[in-house]
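Numbering starts at 1 and runs along the sequence shown.
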Amino acid sequence: MRPSIRAALKRSAELTRNNRLVEGMEVGESAIRSATPDEHPEIQAWLTDHADDFTGTTGGTA
């Protein structure tokens, strides 16, 4: 996955954690839409691995 997409997903998580859900979703959606089909599986895996980043909770699966 390109570094710009990874950075956008991290920013999306940060915004979501800070109760800025609409902005977080816009940033994340934009990143996903700009991804190539080859990047989609990696994005899906990243989102699964980093779900707790969006909620601010700990103790989930890694």
Answer with yes or no whether the hydrophobic clustering places I43 together with F54; edges join I, L, V, M, F, W, Y residues whose side-chain heavy atoms lie under 4.5 Å apart.
yes
If you look at every heavy atom in A31 and L9, which pair is closest and at what distance?
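For A31 versus L9, the nearest heavy atoms are CB-CD2, 4.5 Å.
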In terms of heavy-atom contacts, T16 and G24 come closest through OG1-CA, 3.9 Å
Do [X] and [Y] have side chains that approach each other closer than 4.5 Å (heavy atoms only, starting at C-beta)?
X	Y	value
D53	R17	yes
Q44	L47	no
R11	E23	no

So does E14 pair up with K10, basic N to acidic O under 4.0 Å?
no
Do the side chain of E39 and the main chain of M1 share a donor and acceptor less than 3.5 angstrom apart?
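Flag not set: sc E39 to bb M1 has no pair under 3.5 Å.
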Could you tell me the separation between the CE atom of M25 and the OG atom of S30, rounded to the nearest 0.5 Å?
12.5 Å
Set of ring pair (Phe, Tyr, Trp, His ring centres under 6.0 Å) partners for H40, sequence neighbours left out:
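Not a single residue meets the ring pair (Phe, Tyr, Trp, His ring centres under 6.0 Å) criterion with H40.
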Would you please test E42 and R6 for side chain to side chain contact (heavy atoms under 4.5 Å, CB included) and show each step?
CA-CA 10 Å; E42 190 174 355; R6 185 179 310 274; 3.5 Å; yes
